[in-house]
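These notes concern the structure reproduced below.
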Amino acid sequence: MKIYNTMSRQKEVLTTLNPGEVRMYVCGPTVYNFIHVGNARPLCVFDTMRRYLESCGEKVLYVSNVTDIDDRLIAEANEQGRPVSEIAAAFESEYLKDSDGLNVRRPWYMPRATEHIEAIVQLITDIIDNGYGYRASNGDVYFRARKFKDYGKLSHLVLDDLENSRELSASLDGDLKEDGADFAVWKAAKPGEPAWDSPWSKGRPGWHIECSAMAKKHLGDTIDIHAGGQDLIFPHHENEIAQSECANDATFSRFWMHNGFLNIDDKKMSKSLGNFFTVRQVAEKIGYEPIRYFMLSAHYRSPMNFTMDVLEQCKASIERLYTCRNNLDFAIKGAGETGGASTELLQKAEIALADFKARMDDDLNTADALAALFELAREINTLSNGSTKDALVKTAAIFDGMCDVLGLLYNRETEEAPADIQTMAEERDAARKAKNWALADELRDKIAASGYAVEDTATGPKLVKK
RNA sequence: GGUGCCGUUGCCAAGUGGUAAGGCCCGGGUCUGCAAAACCCGUAUUCGGCAGUUCAAAUCUGCCCGGCACCUCCA
């Protein structure tokens with residue numbers, strides 16, 4: 001497949017260091033609060049990337065970290081008067097609930113920053129030994145950004161263009177840095193802050209260094225794909241590259257993928273604007289699945305506008321897929337050994353699958369892939385009545401495979417309706433045959449009151465859970 | 001100031017040189033005892049505007065208008 005590599009700014013054929021194996025690192029959340037809907041985008045998008053690669057037979061070593069120590073976490077802990085570790089553990093658990101709710105597969109490995117202090121200290125030591133790091137008077141350790149000749153190669157920013165902001169941050173940091181462009185890899189602890197021993201001071205890792213260290217520890221010096229939100233390109237990923245390449249003397253990541261941003265009602269999401277939504281809030285209103293569908297309904301690199309109105313549309317779209325799938329199941333139950341439409345159905349299914357793959361191969365075009373899925377849904381709705389059981393089962397497998405790659409239709413009701421409801425449906429069918437419409441309607445109302453809708457089909461009544 | 005992105009039907013959104021996918025909504029029809037679901041038909045002669053290149057442009061070029069993001073810790 002081809003993916004857009006932020007580094008080269010063009011689509012490239014994805015290759016991996018070891019054939020059949022993809023080493024992928026996706027920046028995860030800082031667990032100081034519930035994750036917001038913006039966080040859900042990389043979760044859903046890169047999970048879909050992983051699912052697609054796996055469906056193609058690749059083994060995906062998918063690493064996504066949890067940042068459980070940083071300034072915001074400390075601020076939150078101070079505010080609540082609880083230890084940082086407690087806040088982090090609580091919100092990590094909430095994060096996983098949301099992640100599971102969105103049908104995001106658990107990472108192959110999910111490293112926590114605080115459990116990798118040793119690896120981090122080692123990496124910083126290597127950086128200093130190679131001349132790229134230095135200890136400041138207060139015990140902080142900084143990285144000499146300017147010394148790394150490739151600094152800016154990912155973001156395509158030139159240090160001198162950052163003049164204004166650089167001066168600003170230099171003045172804020174006092175005289176600790178040799179150069180305003182330098183960034184912290186280790187921060188000396190202030191009184192009361194969580195701290196770990198190091199050769200330089202009791203302190204904590206900087207934000208960028210943890211990803212460098214954890215990627216190295218679990219995936220090696222060179223990884224295949226590094227992914228995250230577009231806002232991480234600079235400075236986060238740029239700094240990761242500087243740290244890792246200066247410490248390891250090897251290319252850090254061969255491909256860089258970045259998802260576009262999510263706006264809320266056409267504005268950037270922020271707490272001050274009052275348009276800040278957590279995944280949990282939205283899921284409680286409408287469920288998780290429309291959120292996932294929404295994330296896949298546009299190309300992952302384009303900016304998206306998040307509104308409840310559009311989410312309702314997503315929900316309706318998913319409904320169509322569920323209905324189709326349920327109809328397919330119903331058709332399978334009633335199908336026999338003959339069916340004139342079988343050949344055509346299987347043909348259409350193969351075409352849809354080929355389209356689906358071609359679109360996913362083109363830089364993970366999930367919006368286009370969804371179109372292929374809907375085209376298949378229409379063919380199924382049209383042809384399933386005239387097909388054999390064998391053809392229907394094969395078609396279902398293809399349909400399910402596509403849904404599985406997208407991570408959709410994971411809330412399918414597969415249980416049979418309760419016996420009493422089925423009995424009522426049969427009684428209603430008998431009433432209909434006797435043209436007793438009053439009784440038939442009465443029974444339909446009763447069934448509806450029990451949470452089921454009954455539909456009349458050529459092969460008998462069909463119960464749908466509502 | 002530097003870097004980059006975007007503007008396609010009522011809404012969402014693909015399409016990046018060959019004559020506008022798909023979904024939601026809406027209107028009409030078929031099926032149905034009535035429904036539901038489904039299917040069929042209809043919904044952009046047109047892709048922010050103006051020029052240009054080309055046999056051919058939503059797709060390339062230029063200018064303009066409008067919106068957005070990043071530029072030291074925000075996915």
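Residue numbers begin at 1 in each chain, while the letters A, B, ... track the order of the sequences. Here the structure is a predicted model, which is why all the values come from computation and not from measurement.
In this entry the distance linking CZ of A/Phe306 with P of B/rA13 reads 13 Å, nearest Å. When rounded to the nearest whole Å, the span between CZ of A/Arg320 and C1' of B/rA38 equals 8 Å. Between the CH2 atom of A/Trp437 and the C1' atom of B/rU32 there is a distance of 10 Å, rounded to whole Å. Look at CG on A/Leu296: it is 18 Å from P on B/rC12, rounded to the nearest Å. At whole-Å resolution of the value, CG in A/Leu383 and P in B/rC40 are 10 Å apart. Between the P atom of B/rC34 and the CZ atom of A/Arg428 lies a distance of 12 Å, rounded to the nearest Å. Whole-Å rounding puts the A/Asp429 CG to B/rG33 C1' distance at 13 Å. Across the protein-nucleic acid pair, A/Glu238 atom CD and B/rG2 atom P stand 20 Å apart, rounded to whole Å.
With P as the reference atom, B/rA37 and B/rC24 are 12 Å apart, rounded to whole Å. With both ends at atom C1', the span from B/rU59 to B/rU53 equals 14 Å, rounded to whole Å. Rounded to a whole angstrom, the distance from the P atom of B/rA56 to that of B/rC25 is 41 Å. The C1' atoms of B/rC11 and B/rC74 are separated by 29 Å, rounded to the nearest whole Å. Nucleotides B/rG15 and B/rU9 place their C1' atoms 15 Å apart, quoted to the nearest Å. One P atom belongs to B/rU30, the other to B/rC68, and the distance between them is 49 Å to the nearest Å.
A side-chain hydrogen bond (donor to acceptor under 3.5 Å, both in side chains) with A/Asp363 is found for exactly one of A/Lys11, A/Lys2, A/Arg301, namely A/Arg301.
For A/Tyr142 and A/Phe183, the gap between ring centers reaches or exceeds 6.0 Å.
Pairing for B/rG62 is with B/rC50, a Watson-Crick or G-U wobble pair whose two hydrogen-bonding atom distances lie under 3.5 Å. Checking B/rU43 for Watson-Crick or G-U wobble geometry (two distances, each under 3.5 Å) identifies no partner in any strand. As the counterpart of B/rC24, B/rG10 is assigned, both hydrogen-bonding distances of the Watson-Crick or G-U wobble pattern falling under 3.5 Å. With a cut-off of 3.5 Å on both Watson-Crick or G-U wobble distances, the partner of B/rG1 is given as B/rC71.
Distances were taken from every side-chain heavy atom of A/Asp368 (C-beta onward) to each of B/rG33, B/rA14, B/rC11; the shortest belongs to B/rA14. Listed candidates were B/rA21, B/rA38, B/rG2. Nearest to the side chain of A/Leu157 is B/rG2. Of the listed nucleotides (B/rA38, B/rA75, B/rG33), B/rG33 has the atom at the smallest distance from the side chain of A/Asp441. Among B/rC11, B/rA75, B/rG4, the nucleotide with an atom closest to any side-chain atom of A/Asn259 is B/rA75. The side chain of A/Tyr293 has B/rG23 as its nearest neighbour among B/rA21, B/rG23, B/rA35. Listed candidates were B/rA75, B/rC40, B/rA37. Nearest to the side chain of A/Thr323 is B/rA37. Considering only the side chain of A/Leu262, B/rA75 comes nearest among B/rC12, B/rA75, B/rA14. Out of B/rA36, B/rC39, B/rA75, the shortest distance to the side chain of A/Asp231 is found at B/rA75. The side chain of A/Ser297 has B/rC12 as its nearest neighbour among B/rA37, B/rA14, B/rC12. Listed candidates were B/rA75, B/rC73, B/rA35. Nearest to the side chain of A/Leu232 is B/rA75.
Using a 4.0 Å cut-off, no side-chain N or O of A/Asn327 falls inside it from OP1 or OP2 of B/rA37. Residue A/Arg444 places no side-chain N or O under 4.0 Å from the OP1 or OP2 atom of B/rC34. Listed pair A/Asn39 / B/rA75 meets the phosphate criterion, a side-chain N or O lying under 4.0 Å from OP1 or OP2. For the pair A/Ser302 and B/rA14, the criterion of a side-chain N or O lying under 4.0 Å from OP1 or OP2 is met. Here A/Asn305 does not reach the OP1 or OP2 of B/rC12: none of its side-chain N or O atoms lies under 4.0 Å away.
Residue A/Phe261 and nucleotide B/rA75 are classified as a stacked aromatic pair, their ring centres being separated by less than 5.5 Å at an interplanar angle below 30°.
A/Lys147 forms a cation-pi arrangement with A/Tyr132, by the criterion of a distance under 6.0 Å to the ring centre and an angle within 45° of the ring axis.
For the pair A/Ser302 (side chain) and A/His299 (backbone), a donor-acceptor distance under 3.5 Å is present. Looking at A/Asn239, its side chain never comes within 3.5 Å of a backbone N or O of A/His208 through a donor-acceptor pair.
Between A/Phe148 and A/Phe143, the ring planes lie perpendicular to each other; the angle is over 60°, past the 30° to 60° tilted range. Aromatic ring pairs are classed by plane angle as parallel below 30°, tilted from 30° to 60° and perpendicular above 60°; the pair A/His258 and A/His237 is tilted.
Looking at heavy-atom distances under 4.0 Å, A/Ala453 makes no contact with the nucleic acid at all.
Around CG of A/Asn385, the count of heavy atoms belonging to other residues, nucleotides or ligands within 6.0 Å does not exceed 12.
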